[in-house]
Amino acid sequence: MTEASSISDRLHQLKAALPEHVTLVAVSKTKPVELLQAALDAGQVDLGENRVQEMNAKAEHFNGQPVRWHHIGHLQTNKVKQAIRHVHLIHAVDSDRLLAEIDKRSLNAGIQSRVLLQLHIAQEAQKHGMTEAELDATLNAIVDTPLGNTEICGLMGMATFTDDTEQVRREFKSLRTLYNRYNPGHWDTCSMGMSGDWRIAVDEGSTLVRVGSAIFGSR
Ligand SMILES: *Cc1c(COP(=O)(O)O)cnc(C)c1O
């Protein structure tokens, strides 16, 4: 089987297994444009990248094709100006400073940006994300001073990398609980689940899964 046809097969299997209300983001980071093209040819629209330069180069390559670009990894404030050029949704906003920078750069560019706030739900210290107290403070701050050019669309989180599926389940459950608690009514995205844990995430109320290696092969 060619690589292109196995990508197409894996995408179709995943889509068949996902409930209709769950968006599939195919995480194409580090993969060459030929493999992304195979995904697009199979009808995939949402692609995820974690490096701004790579995302923009790919966006320019696929200019004119219907792609929604998701920035899924940690984003540095000095990359925001470049990041907002092609992106459909920024998944991992983990500080007020980053949020303010996105809003400022979006105002300057005359666009409206869409973001998710990243929550720290894993046991691993190296994973990014806000605590519940920080989320609370951030959401309170924007009630007082609304963002003009940034729409918060929901939350995102990454579970601990472990074989303990009950722990992973508890972490996803805690994210979905926060999502329900803080949703002002218009949120539409609870981004959780990757190649190894998307089934558990969907069980626990994910509305968007970010799947890379299970589609494109290992990196
Ligand atoms: C790389 C990455 C993914 C995809 O990981 P896979 O295990 O390959 O599915 C999902 N989310 C984030 C934030 C990532 O960095």
Side-chain angles (χ1 to χ4, degrees), residues 3 6-15 17-18 22-33 35-36 38-39 42 44-58 67-76 79-80 83 87-95 98 102 114-130 153-165 167-169 171-172 174-176 178-179 189-219:
E3 235 172 350
S6 57
I7 287 170
S8 165
D9 285 352
R10 291 184 199 131
L11 275 169
H12 286 128
Q13 281 162 14
L14 259 168
K15 283 207 192 115
L18 286 170
V22 177
T23 300
L24 172 62
V25 172
V27 176
S28 52
K29 63 191 186 194
T30 77
K31 298 296 179 183
V33 291
L35 300 193
L36 278 66
Q44 182 61 26
V45 174
D46 293 279
L47 296 179
E49 293 283 336
N50 67 343
R51 290 179 192 278
V52 171
Q53 224 181 343
E54 184 177 344
M55 178 176 71
N56 284 351
K58 287 173 171 171
V67 184
R68 287 194 291 256
W69 295 99
H70 294 251
H71 190 276
I72 58 167
H74 185 61
L75 178 60
Q76 291 170 281
K79 300 274 169 65
V80 167
V87 81
H88 169 70
L89 180 63
I90 298 173
H91 284 237
V93 175
D94 61 356
S95 72
L98 180 56
I102 292 169
R114 302 172 68 255
V115 306
L116 304 177
L117 300 179
Q118 181 177 12
L119 267 289
H120 188 275
I121 55 171
Q123 295 299 315
E124 299 143 321
Q126 73 271 24
K127 290 216 164 97
H128 293 277
M130 297 179 172
C153 302
L155 304 180
M156 176 268 199
M158 292 171 84
T160 305
F161 187 71
T162 171
D163 291 334
D164 182 349
T165 56
Q167 182 180 347
V168 170
R169 187 175 295 280
E171 292 172 359
F172 286 145
S174 73
L175 181 60
R176 181 66 207 210
L178 291 177
Y179 179 89
T189 306
C190 183
S191 168
M192 57 187 197
M194 309 178 17
S195 290
D197 56 19
W198 64 264
R199 285 181 186 80
I200 303 173
V202 168
D203 269 0
E204 296 304 331
S206 172
T207 70
L208 182 154
V209 294
R210 310 174 309 270
V211 178
S213 46
I215 297 168
F216 294 106
S218 59
R219 289 178 297 273

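Numbering of residues begins at 1 and proceeds along the displayed sequence. Order of listing sets the numbers, starting from 1, for every ligand and every atom in it.
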By the definition ring pair (Phe, Tyr, Trp, His ring centres under 6.0 Å), identify the one residue from His74, His71, His70 that meets it with His91. His70
Residue pair Thr189 / Thr207, side-chain donor-acceptor N/O under 3.5 Å: no
Check this for me: does any side-chain nitrogen of one of Lys58 and Glu49 sit under 4.0 Å from a carboxylate oxygen of the other? yes
With His12 via ring-ring contact (aromatic ring centres under 6.0 Å, His included) - residues at least two apart: none
Under a 4.0 Å heavy-atom cut-off, what residues line ligand 1? Val27, Lys29, Ile72, Met156, Met158, Met194, Ser195, Arg210, Val211, Gly212, Ser213, Arg219
Any salt bridge (charged side-chain N to carboxylate O under 4.0 Å, His left out) involving residues 204-213? Give me the pairs, sequence neighbours left out, ordered by first then second residue. Arg169-Glu204, Lys173-Glu204
Going by side chain to side chain donor-acceptor pair (under 3.5 Å), name the residues that satisfy it together with Gln53, two or more places apart in sequence or in a different chain. none
